[in-house]
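Everything numeric here is computed off the predicted structure, so don't read it as measured data. Just so we're on the same page: letters track the sequence lines, and every chain starts at 1.
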2 protein chains.
Amino acid sequence: MKEKRLSKNLRHQELVKRLDGNPLLTDEELAKGLGVSIQTIRLDRLTLGLPELKERTKSLASRVLSADSYPASLEVVGELLLCEPGIGGLSRLVAGEGMRLTRYNVIRGHFLFAQANSLAVAVADAPHALTASAQVDFIHPVKLGQVLLARARVIGKERRKSIVEVITKVKEQEVFRGKFLVITLEENQLMAEE
Amino acid sequence: MKEKRLSKNLRHQELVKRLDGNPLLTDEELAKGLGVSIQTIRLDRLTLGLPELKERTKSLASRVLSADSYPASLEVVGELLLCEPGIGGLSRLVAGEGMRLTRYNVIRGHFLFAQANSLAVAVADAPHALTASAQVDFIHPVKLGQVLLARARVIGKERRKSIVEVITKVKEQEVFRGKFLVITLEENQLMAEE
DNA sequence: TCCCTTTTTATGACTAAGTCATAGTAGTTG
DNA sequence: CAACTACTATGACTTAGTCATAAAAAGGGA
């Protein structure tokens, strides 16, 4: 019973993983993929409380529908226009609906931060990098619809640490400025300590 | 025959408009809404080339999926558990899918920032507040599924400025710490300068 | 008014992707 | 062997459709 149960648990894990990866899979496809019958999949979904295809699809879809009207739902953290690892980069972000403060057309600060942070991590010359700390200034409020152009420069580098400066402008007006300390990691470091 | 055709055309227009507004309507709901039979709606959809509910839902859903694989997609910036304006507050955020760095289970820094920033703005004792600057440290990587508890304290206040300190923990492990300078605004200031 | 055409409904047969309940089979294990 | 769990099969029902065909309703115009 041990291996059986194990194999069942493993299948459950795998099932969740697959549906996580692609919620649009039918029971039939899942059954084929996991080498069990369709009924087993249904049993699994039942015990795991996983909703059927229709529900999954619908919940995804309604996320799209509500995405724009709800307080904070960030779609993108900017489009990477240019990225020269170790040197600098450029990112563009249009301040959209859903990034704004309720009732006012001012964009919430963390969207500026997100754009800058993404850019800073991207330009750090390493396969995998994380932000360790940051000092940021929100110089001027940003309004709905404005185009945010963030420019990053790597201004310091030693071993595993890079210091990246990001300046974001709307047209010629500086709206944000930040210094990011980005550290680069090895894979084992990322995986270590559960 | 003119009015009839017109009324049919009008219905077609209305149909398209409704589906545009809410693609998740069933034929039945549409039929009721437009005061015709379900068969008529189906005929209409046929002649207008409008896909059935399943298709519409699916296409919306896959829009989400493709958006998710793109740089980053932020869902929430935390659930406000407690908020004592001018004093402090507490916010909870579960590190979900789509917040993580590609391929690794580490959550991107700006989600921590977003949670903390939202909280800092919320606890600033003012109807409308904005972050002016911040100093943040990402002390420890956060993994998928972990629960982020952010605690904010207002540690300084003068006229329009509040200084808020936010400390975020996963269980007892401190993972993020930041100081936010939050300024409060009058409505006219928010509205000024287009 | 009768006739003709268009429009609208109704009907039946079928599909996909499920639900739920029940029953039967296979494999392990005390 | 009996008992248990895990898996598979079966049948009846559901939703939200498809397609094709037929019948009813609603205009016209002569």
Minimum-distance nucleotide (side-chain atoms of [X] versus [options]):
{"X": "Asp27(A)", "options": "dC7(D), dT19(C), dC19(D)", "answer": "dT19(C)"}
{"X": "Ser7(A)", "options": "dC7(D), dG17(D), dT11(C)", "answer": "dC7(D)"}
{"X": "Thr26(B)", "options": "dG18(C), dG17(D), dT8(D)", "answer": "dG17(D)"}
{"X": "Glu52(A)", "options": "dT9(C), dT19(C), dT18(D)", "answer": "dT19(C)"}
{"X": "Arg45(B)", "options": "dT18(D), dT8(C), dA9(D)", "answer": "dT18(D)"}
{"X": "Thr40(A)", "options": "dT8(D), dT19(C), dT9(C)", "answer": "dT8(D)"}

Under 4.0 Å, counting only non-hydrogen atoms across every strand here, what does [X] touch: a base, just sugar-phosphate, or nothing?
{"X": "Leu25(B)", "answer": "nothing"}
{"X": "Leu30(A)", "answer": "nothing"}
{"X": "Leu43(A)", "answer": "base"}

Spacing between [X] atom [atom1] and [N] atom [atom2], to the nearest angstrom:
{"X": "Leu46(A)", "N": "dT19(C)", "atom1": "CG", "atom2": "C1'", "result": "10 Å"}
{"X": "Glu28(A)", "N": "dG18(C)", "atom1": "CD", "atom2": "P", "result": "9 Å"}
{"X": "Leu24(B)", "N": "dA16(D)", "atom1": "CG", "atom2": "P", "result": "12 Å"}
{"X": "Ile38(A)", "N": "dG11(D)", "atom1": "CD1", "atom2": "P", "result": "16 Å"}

Would you say Lys8(A) reaches dA6(D)'s phosphate, i.e. side-chain N/O to OP1/OP2 under 4.0 Å?
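Result: yes.
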May I ask you to evaluate whether Arg42(A) reaches the phosphate of dT8(D), defined as a side-chain N or O under 4.0 Å from OP1 or OP2?
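Looking at the OP1 and OP2 atoms of dT8(D), neither is under 4.0 Å from any side-chain N or O of Arg42(A).
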Which residue lies toward the 5' end of DNA chain D, Gln39(B) or Lys54(B), if each is placed at its nearest nucleotide?
Lys54(B)
Flag side-chain contact, heavy atom, 4.5 Å: [X] against [Y]:
{"X": "Arg177(B)", "Y": "Val166(B)", "result": "no"}
{"X": "Leu112(B)", "Y": "Phe138(B)", "result": "yes"}
{"X": "Val123(A)", "Y": "Arg153(A)", "result": "no"}

Measure up the Phe113(A) and Phe113(B) rings against each other and bin them: parallel (under 30°), tilted (30 to 60°), perpendicular (over 60°).
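Parallel: the ring planes of Phe113(A) and Phe113(B) meet at under 30°.
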Taking Leu119(A) as the starting point, is it possible to reach Leu148(A) by hopping between hydrophobic residues whose side chains are less than 4.5 Å apart?
yes
